[in-house]
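What follows is one structure encoded as structure tokens, with my remarks underneath.
We name chains A, B, ... by the order of the sequence lines, and we start the count at 1 in each one.
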Amino acid sequence: MRRRRHDVVVVGAGPAGLSAAATAASMGRSVLLLDQAPRPGGQIWRHRAGASLPARARHLLDRVRESGAVHAVATVVDAPAPDTLMVDFGGRVDLVHTAAVVLATGAVERLLPFPGWTLPGVTGVGGLQALLKGGLQVRGRRIVLAGTGPLLYPVAASLATAGARVLAVLEQAPFSAVAKFGTRALRDPHRFVDAVRWRATAWRSAWHHDAWVVRAEGGERLEAVTISVGGRERRIACDWLGAAAGLVPRTELARLLGCALEGEAIAVDATQATSIPGIWAAGECTGVKGDAAAVLEGEIAGATAAGDGGGMASRHAVARGQGIAFGRQLADTFALQPALRTRVTPEAMLCRCEDVRVGAIDPAWTARQAKLWTRVGMGVCQGTVCGVACTALYGWEPPQVRPPLAAPPLAAWARWLTDVDSPTES
Amino acid sequence: MTHPDVLVIGAGMVGAWTALGLAERGLRVLVVDGGVPGGGSTGAAMGHLVVMDDSPAQLALCAHAMMRWRTAAPELPPSAEYDPAGTLWLACSDDELAEAHRKQEVYAVAGVSTEVLDAVALGQAEPLVAPGLAGGLRVPGDAICYPPAIVRTLLERAIALGAIVINQAVRAIRPGGAQLTDGTWLEAGVVVVAAGPQSGMLVPDLPVIPRRGHLVITERAPRRIHHQLVELGYLHSAHTLGGASVAFNVQPRVTGQLLVGSSRELVGFAPGLNRELLAMMLARASAIVPALAGMRVIRSWTGFRPATPDALPLIGAWPALERTWIATGHEGLGITLAPATADLIVAGILGEPPPVPSAAFAPDRPMPTLAAA
Amino acid sequence: MSGDVTIHLDGVPRRVPAGVTLAAALCNLEHLAFRRDLGGGPRAPLCGMGTCFECRLSVDGVAGTRACLIEVHEGMRVELTR
């Protein structure tokens with residue numbers, strides 16, 4: 001195993017991570033920027049080689065390139081100490097020592113179980129967009145989207161642009177809440193333009209509020225969904241269903257490192273510092289509030305991690321507060337309707353890795369009791385998916401994170417002790 | 001339940017078997033545990049039901065316990081993952097193969113049938129084991145299980161017979177009573193302390209300490225290992241109560257996952273992982289089963305075995321406290337020995353002759369002090 | 001990036017566009033059962049970003065590879081997880 005040394009390691013190359021890496025590197029620090037995706041950009045700016053990106057994404061990617069930060073396609077598999085990460089660089093595991101870690105691990109979709117959701121063709125909302133960006137052909141395909149929050153708009157638009165027949169877009173929040181949010185949020189001209197453009201692109205689709213999927217049906221793949229719109233059920237034949245219940249901060253690495261959470265997000269102070277000295281966090285992993293706030297928080301975290309003494313944090317204090325306020329509005333507007341919980345039937349799959357169905361769970365149990373007695377969350381994703389669902393359905397705490405992360409081959413993890421004397425590189 | 005006949009402290013495998021055994025005899029049983037039933041040492045355990053022969057007393061207790069497990073197995077639910085896979089003790093050298101032959105004779109005396117495999121037979125039985133080993137000893141009567149699910153089943157049966165299980169931590173005991181953390185005293189005819197490595201916190205001078213172990217589990221995969229594999233050299237590491245050690249121990253789960261052990265260290269109830277020890281453990285495991293190297297690891301954890309200075313459990317009355325019985329100190333054999341332990345405790349409380357000789361397990365027997373260990 | 005590459009799907013050569021993820025490539029080929037669950041039911045990509053492990057299969061001999069995280073390359077050998 002080789003050892004590397006860096007001043008700052010940034011985990012996650014989305015808006016927050018790119019911003020943190022560029023900022024810290026431009027202050028003269030040696031920066032390693034890690035992400036498991038083949039190309040930087042995170043989920044929002046996920047792209048194939050040569051694909052066009054929004055101007056602000058191009059600008060940020062250029063800044064990172066010019067800053068001297070090193071980008072690597074890599075996965076953190078363990079964190080033996082706050083200043084030591086064990087990183088899998090495409091099969092070779094190195095020990096990375098660093099003075100500062102910036103967690104920019106983003107968000108994952110809140111994927112809640114409903115009957116039939118294990119059928120091929122049922123994905124997340126962002127999941128379907130990720131597949132599309134990865135090259136999925138959707139021309140002529142019949143698609144239903146069911147989710148909540150602003151993500152529905154760009155996903156519907158990009159599917160429509162790619163030639164899909166987006167039959168219906170379901171927003172679970174009631175129209176009144178979304179309208180109130182819209183009039184406030186759309187005062188921001190960029191958001192207004194985006195929203196109009198997206199909505200115009202997917203103009204053929206039927207847009208519904210107070211609407212969600214009741215069940216998905218099919219044999220070897222999805223054939224139809226039954227939806228509920230304002231309490232009335234309807235069946236729609238379709239090829240793909242993108243369904244999620246919004247986004248939730250991604251915190252596995254933070255929890256492994258011992259960082260305190262606030263709700264489901266990593267708790268940070270005004271300088272983006274977490275509860276663990278030497279570890280900062282920025283962007284959606286500290287609360288979902290959009291890419292603009294993520295870039296700003298990344299800049300603050302990158303600067304503080306690089307040792308600016310809080311100057312950047314005070315300069316951006318007002319804008320940072322506005323981002324947090326926007327995040328709160330999002331959370332309030334798109335709060336989950338109880339029906340998303342009550343639609344689960346005992347047959348619905350809860351833990352997709354270990355095939356534990358909802359009916360096997362007694363909501364009165366503790367999370368640990370359920371895990372020990374039913375194997376829920378014991379599979380290869382280690383509760384990344386069903387842990388979030390259990391929090392939504394039963395109010396359980398997120399599962400304890402036990403190393404390694406991301407299921408590395410045993411030999412990679414076991415190399416911890418062997419070969420440690422190989423030369424240090426940075 | 002006011003004034004039960006027996007108060008069982010600890011709802012692990014030992015406590016659950018004991019509670020059920022007492023309830024089956026018509027006693028009114030109250031079980032208290034501050035955590036999830038089966039969530040302490042039981043939940044961290046491998047679930048290897050194995051006959052060990054460090055002493056004639058241990059061998060006899062193991063043989064009795066395995067008889068009880070085999071009787072119970074048909075009535076266990078699928079979630080118990082009871083799998084009569086047997087153990088294959090691996091001999092890395094000719095010396096260890098000689099040890100396998102010796103072990104075979106000792107087991108035969110206790111009525112435990114075994115089969116010595118030479119290198120060729122070992123290769124046929126377990127193709128994934130690295131070539132070059134001397135052979136092994138197959139113990140077909142041993143088995144594998146999933147302990148927390150079994151605890152759940154046993155407690156449900158005890159509850160059906162009138163037992164009550166309460167989720168409260170105990171902070172102190174006295175003759176015929178236990179104090180909960182909220183200060184309440186529970187009174188009972190007798191008290192059974194089955195709190196695993198934490199029993200020492202409740203019973204002053206009880207010679208039991210936590211001995212930490214690490215386990216690692218792989219992703220599901222088609223099953224290619226057929227027995228629980230343990231190295232014969234395991235005995236050296238398992239029974240020297242001192243520094244940290246690792247030994248080869250790989251278990252195939254019915255899920256196709258492999259559970260990889262084992263390590264031993266005396267660090268109190270320290271949380272977290274000792275990654276260097278873990279790496280040594282995994283290196284040892286993949287030296288003997290090279291295919292492990294490519295299998296994906298999904299989780300690791302630690303657990304605490306209740307260890308004693310002479311490597312034998314503490315089962316019986318505790319003379320320093322009247323009406324107090326001890327059922328702990330099984331080290332890595334608590335899952336295996338739980339039904340036999342319960343039989344000894346039930347017989348003791350009812351004043352009946354024990355099903356196997358029990359003097360060797362008397363908690364107040366002379367033994368080296370823990371400080372010297 | 002342009003042109004096609006050949007991947008071997010359970011030994012069968014298939015031409016797919018270069019630069020796409022393996023997950024997208026298999027969906028485009030209508031190979032939607034990436035793996036089978038304990039009851040034999042088909043499973044396919046869910047999260048699209050490497051967290052759910054539903055799209056795992058064996059790629060170039062490496063079991064448990066997440067198809068959503070890698071792009072196809074010439075000669076890629078893919079075995080569906082059963």
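Looking at C:Arg43 and A:Leu119, their side chains never come closer than 4.5 Å, going by heavy atoms from C-beta outward. Looking at C:Glu71 and A:Arg39, their side chains come closer than 4.5 Å, going by heavy atoms from C-beta outward.
Here CG of A:Leu132 is found 11.5 Å from SG of C:Cys27. Values are rounded to the nearest 0.5 Å. C:Leu46 contributes atom CG, which lies 9.5 Å from atom SG of A:Cys381 (distance to the nearest 0.5 angstrom). With rounding to the nearest 0.5 angstrom, the OG1 atom of C:Thr51 is 8.5 Å from the CD atom of A:Glu109.
Heavy atoms only, all atoms of each residue included: C:Arg56 and A:Val380 are closest at NH1-CG1, 3.3 Å. Taking both residues in full, the closest heavy atoms of C:Leu32 and A:Arg221 are given as CD1-NH1, 3.0 Å, listed atom of the first, atom of the second, then distance.
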Apply side-chain contact (heavy atoms from CB on, under 4.5 Å) to residues A:Arg250 and C:Met49 and explain how you reach the verdict. CA-CA 12 Å; A:Arg250 186 172 188 183; C:Met49 53 182 277; 4.0 Å; yes
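Note on A:Ala406, A:Gly126, A:Gly121, A:Ala37: by heavy-atom pairs under 4.5 Å with chain C, the leading option is A:Ala406. For the set C:Gly39, C:Pro42, C:Cys68, the count of heavy-atom pairs under 4.5 angstrom toward chain A peaks at C:Pro42. Across A:Thr384, A:Thr75, A:Asp355, the residue that shares the most heavy-atom pairs under 4.5 angstrom with chain C is A:Asp355. By number of non-hydrogen pairs under 4.5 angstrom with chain C, the leading residue of A:Gly91, A:Pro120, A:Gly135 is A:Pro120. Taking A:Gln382, A:Met349, A:Gln43 one by one and counting their heavy-atom pairs under 4.5 Å with chain C, the maximum is reached by A:Gln43.
In this structure, chain C has a heavy atom under 4.5 Å from the side chain of A:Arg141, while its backbone stays farther away. With a threshold of 4.5 angstrom between heavy atoms, A:Glu354 approaches chain C through N, CA, C or O but not through any side-chain atom. Proximity to chain C (any heavy atom under 4.5 Å) is restricted, for A:Leu111, to the side chain, taken from C-beta onward.
The main-chain N or O of C:Cys52 is never found under 3.5 Å from a side-chain atom of A:Arg352 such that the two would form a donor-acceptor pair.
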Validation: residues 13-26 of chain C side-chain donor-acceptor distances under 3.5 Å, sequence neighbours left out:
unit_1  : atom_1 : unit_2  : atom_2 : d
C:Arg15 : NH1    : C:Thr6  : OG1    : 2.7
C:Thr21 : OG1    : C:Ala24 : N      : 3.1

